[in-house]
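Below, all heavy atoms of this structure are taken into account, side chains as well, without hydrogens, waters or symmetry copies. Positions are given from 1 along the sequence. Whatever order the structure lists ligands and atoms in, that order sets their numbers, starting from 1.
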Amino acid sequence: MNATAPAPHPGTTRRRGILFVLSAPSGAGKSTLLRLLQNEPDFEYSVSCTTREPRPGEVNGRDYHFLTRAEFESHLAAGDFLEHALVHGNQYGTLRSAVLEKIEAGTDVLLDIDVQGAERIRNEQGPIRDALVDVFLMPDSMATLQHRLQKRGTESPEQMALRLRNAAAEMEAWPRYAYRIISGLPEEDATNFRAIMRAERLRSRNQRIL
Ligand code: 5GP
């Protein structure tokens, strides 16, 4: 240690980033929650790759990296994905390098991925698994979910039926997550998620000096 660099105060340690994973069946209020969380961006949102068509208003590189099937396959073949899954008939995947670099640089990362993707990360070993804090957001009932999906009106009747069928199966996965939030008003969901973030950042194991 040189004379100009005093020993770090325990309150100013540089820590490893936390990997917050949020899963929810479609219509549970996840997009609204993500928007509210991004009003106070003290984390980086991980932009996934997908072969799904962009919805009106979605921006390439901000909401998703919209890829052709061939582009997706070439990332897959190169082993670029930390996890990937087929969801509602489209491919989705998270690029490993982006997540790992941020975690190691001490930046908290937020991943919005489905239950299959979350399970893949739970099965990881090493820094990514150690950084994982997984949260499941779900509605109080299937009726609420159906109502919300109908109100959103972005899906065709066939897509909606598929999403509802998938939702019932996905919701069975909630006990696998460290935290569950039953969705209420958007601000309540955001307060609950923020409480999780705050508590996790205060955990001593998450404040180790790198
Ligand atoms: P949407 O098409 O409505 O944007 O997303 C559909 C589902 O795909 C959501 O449950 C979302 O969490 C999930 N998803 C988005 N990105 C990824 C990803 O990179 N990996 C996985 N496994 N799921 C994803």
Q | Any donor-acceptor N or O pair under 3.5 Å, side chains His65, Asn60 | A | no
Q | Residue selection (non-hydrogen contact nearest atom 16 (N) of ligand 1) among Ser48, Ala28, Ser23 | A | Ser48
Q. Would you say the ring centroid of Phe81 lies under 6.0 angstrom from that of His75?
A. yes
Q) Got an N/O contact under 3.5 Å between Glu83 and ligand 1? A) yes
Q. Given that the side chain starts at C-beta and the backbone is N, CA, C, O, which of these parts of Val87 lies under 4.0 Å from ligand 1, counting heavy atoms, or is it both or neither?
A. side chain
Q: With heavy atoms of Ala85 as the reference, note each atom of ligand 1 found under 4.0 Å away.
A: 22 (N)
Q: Count the heavy atoms of every other residue, nucleotide or ligand shown that sit under 6.0 Å from NE2 of His147, and state whether that count exceeds 12.
A: no
Q: Mind checking the CD-CZ spacing from Glu101 to Arg96? Nearest 0.5 Å is all I need.
A: 12.5 Å
Q: Please write down residue, atom name and distance for the protein heavy atom closest to atom 6 (C) of ligand 1.
A: Tyr92 OH, 3.6 Å
Q) At a non-hydrogen distance cut-off of under 4.0 Å, which region of Lys30 contacts ligand 1 (side chain, backbone, both, or neither)? A) side chain
Q) Under a 4.0 Å heavy-atom limit, does Arg163 contact ligand 1 with its side chain, its backbone, both, or neither? A) side chain
Q: Give the residue and atom name of whichever protein heavy atom lies nearest to atom 13 (C) of ligand 1, and the separation in Å to one decimal.
A: Asp114 N, 3.8 Å
Q | Flag if over 12 foreign heavy atoms under 6.0 Å of CZ, Arg176 | A | no
Q) Among protein heavy atoms, which lies nearest atom 4 (O) of ligand 1, and at what distance? A) Tyr64 OH, 2.5 Å
Q: Return yes if some donor-acceptor pair links the side-chain N/O of Glu188 with the main-chain N/O of Leu185 below 3.5 Å, else return no.
A: yes
Q) For ligand 1, which atoms, with element, lie under 4.0 Å from some heavy atom of Gly117? A) 22 (N)
Q: Give the ring-plane orientation class for His84 versus Phe72, where under 30° counts as parallel, over 60° as perpendicular and anything between as tilted.
A: perpendicular
**Q.** Region of Arg120 that comes within reach of ligand 1 [heavy atoms, distance under 4.0 Å]
**A.** neither
Q) Does ligand 1 have any atom that is closer than 4.0 Å to a heavy atom of Arg55? A) yes
Q.
As an exercise, identify every atom of ligand 1 less than 4.0 angstrom from a heavy atom of Thr94.
A. 18 (C), 19 (O)
Q. Which of the atoms in ligand 1, numbered in the order shown and given with their element, are less than 4.0 Å from a heavy-atom of Asp112?
A. 11 (C), 12 (O), 14 (N), 15 (C), 16 (N), 17 (C), 24 (C)
(Q) Treating Gln116 as the side-chain partner and Leu86 as the backbone partner, does any N or O pair qualify as donor plus acceptor under 3.5 Å? (A) yes
Q | Non-hydrogen atom of Gly93 closer than 4.0 Å to ligand 1 | A | yes
Q: Scan side-chain atoms only and decide if Arg148 and Ser183 contain a donor-acceptor pair under the 3.5 Å cut-off.
A: yes
Q | Donor + acceptor pair across side chains of Glu44, Thr107 (<3.5 Å) | A | no
Q: May I ask you to establish whether Arg198 and Phe193 are in a cation-pi arrangement, using a distance under 6.0 Å from NZ or CZ to the six-membered ring centre and at most 45° from the ring axis?
A: no
(Q) Taking 4.0 angstrom as the limit and counting only heavy atoms of Arg52, give me the atoms of ligand 1 inside it, by number and element. (A) 1 (P), 2 (O), 4 (O)
Q.
With a heavy-atom distance limit of 4.0 Å, tell me whether Gln91 approaches ligand 1 through its side chain, its backbone, both, or neither.
A. neither
